[in-house]
Number of protein chains: 2
Amino acid sequence: MKSKDKVTIYDISKKLNISAATVSRALNNNPKISEKTRELVVKTAREMNYKQNRLAQALKQGRTNNVGVIVPYINRSFFSSVIRGIEEELTPHGYHIIIGQSHEEVEIEAEQLNALLNTQIDGIFMSVSKTTQKTDHIKKVLEEQTPLVFFDRKIDIPSVSSVVLDDYKAGYIATEHLIKEGCSRIAHLSGDINLEIYRNRFEGYKKALKDYEIDFNPEYVIQVNSKIESGMQAIDDLWKLEEKPDAIFSAGDYAALGAMQELRARKIKIPQEVCVVGFSNEPFTKYMELPITSMDQTPLMMGKIAAQVFLEQVKETNAYTVEKKVVLPPELIIRDSSNRKLLKLSDVS
Amino acid sequence: MKSKDKVTIYDISKKLNISAATVSRALNNNPKISEKTRELVVKTAREMNYKQNRLAQALKQGRTNNVGVIVPYINRSFFSSVIRGIEEELTPHGYHIIIGQSHEEVEIEAEQLNALLNTQIDGIFMSVSKTTQKTDHIKKVLEEQTPLVFFDRKIDIPSVSSVVLDDYKAGYIATEHLIKEGCSRIAHLSGDINLEIYRNRFEGYKKALKDYEIDFNPEYVIQVNSKIESGMQAIDDLWKLEEKPDAIFSAGDYAALGAMQELRARKIKIPQEVCVVGFSNEPFTKYMELPITSMDQTPLMMGKIAAQVFLEQVKETNAYTVEKKVVLPPELIIRDSSNRKLLKLSDVS
DNA sequence: TTAATTTAAGCAATCGATTGCAAAAAATAA
DNA sequence: TTATTTTTTGCAATCGATTGCTTAAATTAA
């Protein structure tokens, strides 16, 4: 597994009795090289099966054309879709993507970040972990002058760009939708309040209640994680209340699913008695027999835009870092779990 | 975004009035360096916030500690889980993963492969695209002496290791399960026969029929893709037959889902009238109200084992390439869509 | 105290490609 | 034909870390 007898520009230069500098220039279409030699070099390079060593080039030029992406887990529909978006936008520009998972642990996140910086990547995309409170490890990235773009889960640091969903609006829209479906006792299954995104969804929820003059009831707010069980537990808790909710707005699809399963187990009809709205538009929400209304976060788009922000940033060569904060509009995908109107129309089944 | 005033070993050597060689050795725990100087260097390095430039190191040592992974799409539960497995196994060894998508196009696959080779990765993991027939671009990897490990979708090339599922057995088990549930007219929704995995599943299906003395009926075999619609279409076609099937074994979960939706639309009871078995154990199969029986491919495990095979391969320094073919056992996850027994027991709902 | 041996540290080449500056070659003008 | 300008090409340094070989320093033996 060693001694890869790689062809270098020196091999080509020796064969043609010219200097390596000329070979390099010829291959890079430097105008100072005559057409004849260029063609000769290119032809010979092909014949000798020459492959440029991007490592050496990177060392000399100071750029690797690699970018790093750090997410909590890559096998989550949302994150892998964002990565796909980034990849599709960046590949045409010659970039490659190196991925790392933080496993929602800030320590691992810091390690991964450090390792990526060592590797001399040209930029970093990241969605912070739930446990990320301190920002020291992230500030180190900035000290290195490495462009950083947050997506979805950001931390507010001056001069750092980000692409996020308008979670406040999303919370508002979801709640408003439920209100318009005739619900008034709307419970909210919130995510970890440590994360800005969940705070915003919660705030949007409260604002909608206020705008429609519905009293906010703190008992209707339950904190859940992204496990199905926590959604079931939430229903268990809520149904101990005097006044049971008539709608659930969950900040996550898995909790929404758990809630629905528990509701069904209790023979509570969805959406007739209780409407349910989830968040993330995970693939399964669509495929259920009773498809779940959910908030789409347009992950592909998010990835592409994050990539564009990065590209702009590296283009602005000498410029001061331009902070760019992109906020994407959420899109509520209304499905049966909260669609009473549809039910009345097509009362087939 | 330029002039990253990076600290190098030369900066450290200047500050301490020693040579860069000594600094390098000290940082690498070379025994030829005295304890005093080692400590001094390490301490100073930390103070100066020195970060090793892995690019320069890689250039010198001829290894980058980067490996490439090429999959059709990364935002598919199966593939992203395999990648996660590879990542978890390789990160402790200091490796990083660079990913690329082929979009199921052999041309893109070849480009990605080429780009990765340029980047000087230390190895490649790949799952070939559906359109991959020629293997020229893959043989180039071998010429470069770069370790290659196929996972799931492989191509038979001598001396190349692979980690795959025992698809033949999987096909057999799934079919046998259906037979034992009392089904005898078992249809098979097959994937693209160009891929070995689908051929094997099909063969396993046929063998099970044979072993249980059920006549193979070619009319019961329909080729589908991984779209829900093709599963619906398949039912449409099958239900035009004189003798309708009483079971569906789909080589993919999405087609299975489509089939179930179409069956339900036709008021055909699952599993009473028709049993359904899918393949891949996509997350949604579990979350359905009528959960779908599916074949688990243990993707995390597959990724980890592929990584182990790679690690062994690079460890065997001078050895001839050792071809290693790992075949993982499939695991049938039996759920309601094919579980008539359960139905009789707990006839609650 | 001097010679022999061990230990620590430095010199300089190397990995492969790039690029400013200088030199050579070719083309043009005088 | 010679001087001048323009094109081409080459020299050598550079990016940052590593390592074989050599030299210097420290330690031990004589």
Side-chain angles (χ1 to χ4, degrees), chain A residues 2-42 44-45 48-66 94 117-122 144, chain B residues 2-42 44-45 48-66 94 117-122 144:
Chain A
K2 32 173 61 169
S3 77
K4 322 191 179 188
D5 45 349
K6 292 277 174 90
V7 181
T8 73
I9 51 171
Y10 293 94
D11 298 322
I12 300 178
S13 74
K14 249 177 261 166
K15 180 152 187 176
L16 296 178
N17 258 318
I18 56 179
S19 76
T22 304
V23 175
S24 171
R25 291 196 176 99
L27 293 173
N28 287 303
N29 292 316
N30 186 310
K32 304 224 152 201
I33 298 294
S34 71
E35 196 53 39
K36 274 180 294 185
T37 38
R38 185 207 319 291
E39 279 170 12
L40 181 62
V41 169
V42 170
T44 314
M48 296 177 74
N49 193 27
Y50 166 76
K51 289 244 171 56
Q52 187 198 44
N53 185 326
R54 282 192 50 221
L55 222 54
Q57 187 194 36
L59 177 60
K60 188 81 219 320
Q61 301 193 327
R63 347 181 290 122
T64 53
N65 275 290
N66 285 153
L117 289 176
N118 278 191
T119 325
Q120 310 290 114
I121 69 303
D122 294 347
E144 307 263 339
Chain B
K2 33 173 62 168
S3 76
K4 320 192 180 190
D5 45 350
K6 293 275 173 92
V7 181
T8 73
I9 50 171
Y10 293 95
D11 298 322
I12 300 178
S13 76
K14 249 177 263 166
K15 180 152 188 177
L16 296 179
N17 258 318
I18 56 177
S19 77
T22 304
V23 175
S24 171
R25 290 196 175 98
L27 293 173
N28 287 303
N29 292 317
N30 185 310
K32 305 226 152 199
I33 298 295
S34 71
E35 197 52 39
K36 276 180 294 183
T37 38
R38 186 209 317 291
E39 278 171 13
L40 181 63
V41 169
V42 170
T44 314
M48 296 177 74
N49 193 27
Y50 166 77
K51 289 245 170 56
Q52 186 198 46
N53 185 326
R54 284 192 48 224
L55 222 55
Q57 187 195 35
L59 177 61
K60 188 81 217 325
Q61 302 193 325
R63 350 180 287 122
T64 53
N65 275 292
N66 284 153
L117 289 176
N118 279 191
T119 325
Q120 310 291 112
I121 70 300
D122 294 347
E144 308 263 339

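In what follows, chains carry the letters A, B, and so on, assigned in the order in which the sequence lines appear, proteins first and then strands, with residues in each chain numbered from 1.
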Identify which nucleotide among D/dA17, C/dG16, C/dA9 has an atom closest to any side-chain atom of B/Asn53, counting heavy atoms from C-beta outward. D/dA17
Would you kindly give the [atom1]-to-[atom2] distance between [X] and [N], to the nearest whole Å?
X        : N      : atom1 : atom2 : answer
A/Glu35  : C/dA27 : CD    : P     : 15 Å
A/Lys51  : C/dA17 : NZ    : C1'   : 17 Å
B/Lys36  : D/dT27 : NZ    : C1'   : 12 Å
A/Asn118 : D/dG16 : CG    : C1'   : 13 Å
A/Glu39  : D/dT8  : CD    : P     : 13 Å
B/Asn30  : C/dG10 : CG    : P     : 13 Å
B/Ile18  : D/dA17 : CD1   : P     : 14 Å
A/Ile33  : D/dT7  : CD1   : P     : 14 Å

Taking atom [atom1] of [X] and atom [atom2] of [Y], what is their separation to the nearest 0.5 Å?
X        : Y       : atom1 : atom2 : value
B/Asn53  : B/Leu59 : CG    : CG    : 10.0 Å
B/Thr44  : B/Tyr50 : OG1   : OH    : 13.0 Å
B/Asn66  : A/Leu55 : CG    : CG    : 8.5 Å
B/Thr119 : A/Gln52 : OG1   : CD    : 10.0 Å
B/Asn28  : B/Arg38 : CG    : CZ    : 10.0 Å

Answer yes or no: are there more than 12 heavy-atom neighbours, outside A/Lys51 itself, under 6.0 Å from its atom NZ?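 Yes - once you tally the heavy atoms of other residues, nucleotides and ligands closer than 6.0 Å, there are more than 12.
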Does B/Ser34 make a side-chain N or O approach to OP1 or OP2 of C/dA9 shorter than 4.0 Å?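 For B/Ser34, the contact criterion (side-chain N or O under 4.0 Å from OP1 or OP2 of C/dA9) is met.
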side-chain N/O A/Ser19 vs D/dG10 OP1/OP2, d < 4.0 Å: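 A/Ser19 to D/dG10 OP1/OP2: side-chain N or O found under 4.0 Å.
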Before giving the answer on side chain to side chain contact (heavy atoms under 4.5 Å, CB included), spell out for B/Ile9 and B/Val41 the whole-Å C-alpha distance, their side-chain angles and the decisive distance to 0.1 Å. CA-CA 10 Å; B/Ile9 50 171; B/Val41 169; over 6 Å; no
Spell out, as yes or no, whether a donor-acceptor pair under 3.5 Å connects the side chain of A/Asn30 to the backbone of A/Lys32.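 Yes, because the side chain of A/Asn30 sits within donor-acceptor range (under 3.5 Å) of the backbone of A/Lys32.
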Return the 5'-most residue of the pair B/Leu59, B/Asn17 with respect to DNA chain C, ranking by each residue's nearest nucleotide. B/Asn17
Distances under 3.5 Å only, N/O to N/O: pair up the protein atoms with those of nucleotides 18-24 of chain D.
unit_1: D/dT18; atom_1: OP1; unit_2: B/Gln52; atom_2: NE2; d: 3.2
unit_1: D/dT18; atom_1: OP1; unit_2: B/Gln57; atom_2: NE2; d: 3.1
unit_1: D/dT18; atom_1: OP2; unit_2: B/Ser24; atom_2: OG; d: 2.9
unit_1: D/dT18; atom_1: OP2; unit_2: B/Asn28; atom_2: ND2; d: 3.0
unit_1: D/dT18; atom_1: O2; unit_2: B/Lys60; atom_2: NZ; d: 3.3
unit_1: D/dG20; atom_1: N7; unit_2: B/Arg25; atom_2: NH2; d: 3.4
unit_1: D/dG20; atom_1: O6; unit_2: B/Arg25; atom_2: NH2; d: 2.5

From CA spacing to verdict: side chain to side chain contact (heavy atoms under 4.5 Å, CB included), A/Thr8, A/Asp11: CA-CA 5 Å; A/Thr8 73; A/Asp11 298 322; 3.5 Å; yes
Between the two ends of the helix from C/dT1-D/dA30 to C/dA30-D/dT1, what is the bend in degrees, rounded to 10 degrees, where each end axis spans five pairs?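 For the helix from C/dT1-D/dA30 to C/dA30-D/dT1, the axes at opposite ends meet at about 60°.
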